[in-house]
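Remarks on the structure that follows.
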Protein chains: 2
Amino acid sequence: MEIQHPSETIFHAIESAIKAYRKYAQQKISEQIEGITLDQSLALIYIKKHPELTQNELAELLFKDNASLTRMIKLMVKNGFVTRTINDEDLRRYKLTLTKKAEIIVAKLPQIIQSNRATALDGITLADQEVVKELLHDIKNNCKI
Amino acid sequence: MEIQHPSETIFHAIESAIKAYRKYAQQKISEQIEGITLDQSLALIYIKKHPELTQNELAELLFKDNASLTRMIKLMVKNGFVTRTINDEDLRRYKLTLTKKAEIIVAKLPQIIQSNRATALDGITLADQEVVKELLHDIKNNCKI
DNA sequence: TATCATTAGTTGATATATCAATTATTAATC
DNA sequence: GATTAATAATTGATATATCAACTAATGATA
């Protein structure tokens, strides 16, 4: 049985594109902000905008395993980006809050991220982006078990 | 500055789709073959088809760091999928060869992979796939520094 | 209200990602 | 032919991915 060579598939193209973007975005962030990863940056944005999110919900948004997120949060606390406090309404969960250091970072991020996205999507129409989003959404749904 | 929320972006859609596909593909492989990852499976296919590839070239095809691939190969040798022998023409590189165990696996893989891809791409036209591939290719090129 | 199921989060084990530094070999240049 | 540059692969340090097993708290139900 002859299958299409992996590097010719759409899946290869998808991985290739997202890895290139992540690498580029991380570089651009690192140029201006020290000691933070792309995912940590996104985590800060999410926490700031939706402070009520549970870690599990945050994990899903960031495409991370709960276990990974636990360790990521732990590291972000250690690195002084986030503080964790008890949530009196539900003792299973925690409240995550940005530190001042993180607030300063979050203030800088939008320009960087905006610029990264603009660079990555240069010359690509919004209409095409929507087509791609829909197709990717279909792939995702097709893969639900 | 208000930027588009990360989860609304095309990058989020890309990550979401590829992660769903990888998870699905891994599950389907695991159902039929024990003790091998999706990436290791792809590595076997590449090695079988292009035995002359260096580890660095292989790494690029699999979207892995050279360091990651070194460890992956080491593990595949340990797990009895691959043997490494000296390359007399260039002592810096190695020859990678599939073991019998791996040959049996590689014989089973095409059906599984074919089926996985078909499931993931169900209802999506080839024409649309090409559009997406092109757009992803553009993103990749835009992100080259 | 006692039992059971669900939810939120953690931990251990193992594999992989990433960057930088390093070794060994080969290629290029003078 | 000696020096330098480039290539192939490895290693160390640190972070993350993944699965399974686990604790603790809350919710549902009988």
Side-chain angles (χ1 to χ4, degrees), chain A residues 15-16 18-27 29-31 34-43 47 52-79 81-82 84-96 145, chain B residues 15-16 18-27 29-31 34-43 47 52-79 81-82 84-96 145:
Chain A
E15 290 222 38
S16 185
I18 195 62
K19 290 234 175 178
Y21 173 71
R22 288 184 66 86
K23 194 160 197 168
Y24 178 82
Q26 179 64 65
Q27 281 205 12
I29 289 176
S30 295
E31 281 172 13
E34 204 182 358
I36 197 164
T37 67
L38 173 59
D39 284 333
Q40 287 174 2
S41 301
L42 295 179
I47 294 169
E52 75 287 355
L53 286 178
T54 67
Q55 289 187 192
N56 290 351
E57 289 162 341
L58 200 52
E60 195 170 354
L61 283 169
L62 293 168
F63 305 109
K64 292 188 185 304
D65 192 68
N66 294 348
S68 296
L69 198 81
T70 289
R71 280 143 183 156
M72 188 176 157
I73 296 289
K74 192 187 282 184
L75 186 67
M76 291 176 80
V77 170
K78 183 185 159 201
N79 289 348
F81 296 128
V82 169
R84 283 208 335 178
T85 51
I86 302 255
N87 184 328
D88 289 319
E89 283 137 41
D90 186 340
L91 295 177
R92 292 172 299 180
R93 55 169 69 184
Y94 297 92
K95 283 185 198 162
L96 299 175
I145 308 189
Chain B
E15 291 222 39
S16 185
I18 195 63
K19 291 234 174 178
Y21 173 71
R22 290 184 65 87
K23 195 160 198 168
Y24 178 82
Q26 180 64 65
Q27 280 205 12
I29 288 175
S30 295
E31 281 172 12
E34 203 184 0
I36 196 164
T37 68
L38 172 60
D39 283 333
Q40 287 174 1
S41 301
L42 295 178
I47 293 168
E52 76 288 354
L53 286 179
T54 66
Q55 290 186 193
N56 289 351
E57 288 162 343
L58 200 53
E60 195 169 353
L61 283 168
L62 294 167
F63 305 109
K64 292 187 184 304
D65 192 69
N66 295 350
S68 296
L69 199 80
T70 290
R71 280 143 185 157
M72 187 176 158
I73 295 289
K74 192 187 281 184
L75 186 67
M76 292 177 80
V77 169
K78 182 185 160 202
N79 290 347
F81 297 128
V82 169
R84 285 210 332 182
T85 50
I86 301 255
N87 184 326
D88 289 320
E89 282 137 42
D90 187 340
L91 295 176
R92 291 171 301 180
R93 55 169 71 182
Y94 296 91
K95 283 184 197 162
L96 298 175
I145 307 185

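Residue numbering restarts at 1 for every chain, and letters A, B, ... go by the order of the sequence lines.
If you take CZ on A:F63 and NZ on B:K23, they are separated by 12.0 Å, rounding to the nearest 0.5 Å. The distance from the CD1 atom of A:I47 to the CG atom of A:L42 is 11.0 Å, given to the nearest 0.5 Å. Expressed to the nearest 0.5 Å, how far CG of B:N56 lies from OG1 of B:T54 amounts to 5.0 Å.
At a threshold of 4.0 angstrom between heavy atoms, the contacts of A:L75 are confined to the sugar-phosphate backbone, with no base atom among them. Contacts of B:R84 with the nucleic acid, taken as non-hydrogen atoms under 4.0 Å apart, involve only primed sugar atoms and P, OP1 or OP2. Note on A:D90: only backbone sugar-phosphate atoms sit closer than 4.0 angstrom, heavy atoms only; bases stay farther off. Using a 4.0 Å heavy-atom cutoff across all strands shown, A:R71 reaches at least one base atom of the nucleic acid. As judged by a 4.0 angstrom heavy-atom cut-off over every strand, B:T54 is placed among residues touching the sugar-phosphate backbone only. Note on A:Q40: only backbone sugar-phosphate atoms sit closer than 4.0 angstrom, heavy atoms only; bases stay farther off. Within 4.0 Å of B:Q26, counting heavy atoms only, lies no atom of the nucleic acid at all.
Residue A:Q26 qualifies as enclosed at atom CD: its count of foreign heavy atoms under 6.0 Å is above 12. Atom CD of A:E34 is surrounded by 12 or fewer heavy atoms from other residues, nucleotides or ligands within 6.0 Å. Under a cut-off of 6.0 angstrom, the local environment of CD in A:E31 is crowded, with over 12 non-hydrogen atoms contributed by other residues, nucleotides or ligands.
Following rounding to the nearest Å, A:D88 (CG) and D:dA25 (C1') show an atom-to-atom distance of 14 Å. Atoms CD (A:E57) and C1' (C:dA8) sit 10 Å apart, rounded to a whole Å. The nearest whole Å value for the distance from the CE atom in B:M72 to the P atom in C:dT14 is 19 Å. Atom pair B:L69:CG and C:dA15:P shows a separation of 15 Å (rounding to whole Å applied). Atom CG of A:L38 is separated from atom C1' of D:dT16 by 13 Å (rounded to the nearest Å). Straight-line distance from the CG atom of B:N66 to the P atom of C:dA21: 16 Å, rounded to whole Å. Rounded to an integer number of Å, the gap from CD of A:E89 to P of C:dG9 is 14 Å. Residue A:N79 contributes atom CG, which lies 11 Å from atom C1' of D:dA15 at whole-angstrom precision.
In this structure, A:D65 contributes its side chain and A:A67 its backbone to a donor-acceptor pair below 3.5 Å. A donor-acceptor pair under 3.5 Å is formed between the side chain of B:D90 and the backbone N or O of B:R92.
The rotation axes computed at either terminus of the helix from C:dT1-D:dA30 to C:dC30-D:dG1 lie 20° apart, taking five pairs at each end and rounding to 10 degrees.
A close approach under 4.0 Å does not occur between any side-chain nitrogen or oxygen of B:Q55 and OP1 or OP2 of D:dT7. Taking only side-chain nitrogens and oxygens, B:K64 never comes nearer than 4.0 Å to OP1 or OP2 of C:dT16. Regarding contacts with the backbone of C:dT18, every side-chain N or O of A:K23 stays at 4.0 angstrom or more from both OP1 and OP2. Contact annotation: B:S68 side-chain N/O to C:dT18 OP1/OP2 distance is not under 4.0 Å.
Relative to the side chain of B:Y94, the nucleotides C:dC19, D:dT18, D:dT10 differ in distance, and D:dT10 lies closest. Among the nucleotides D:dT26, D:dA6, C:dG9, the one closest to the side chain of B:R92 is D:dA6. Comparing D:dA24, C:dT25, D:dC19 by their closest approach to the side chain of A:D65 singles out D:dC19.
The residue among A:R93 and B:L62 whose nearest nucleotide of DNA chain C is located toward the 5' end is A:R93.
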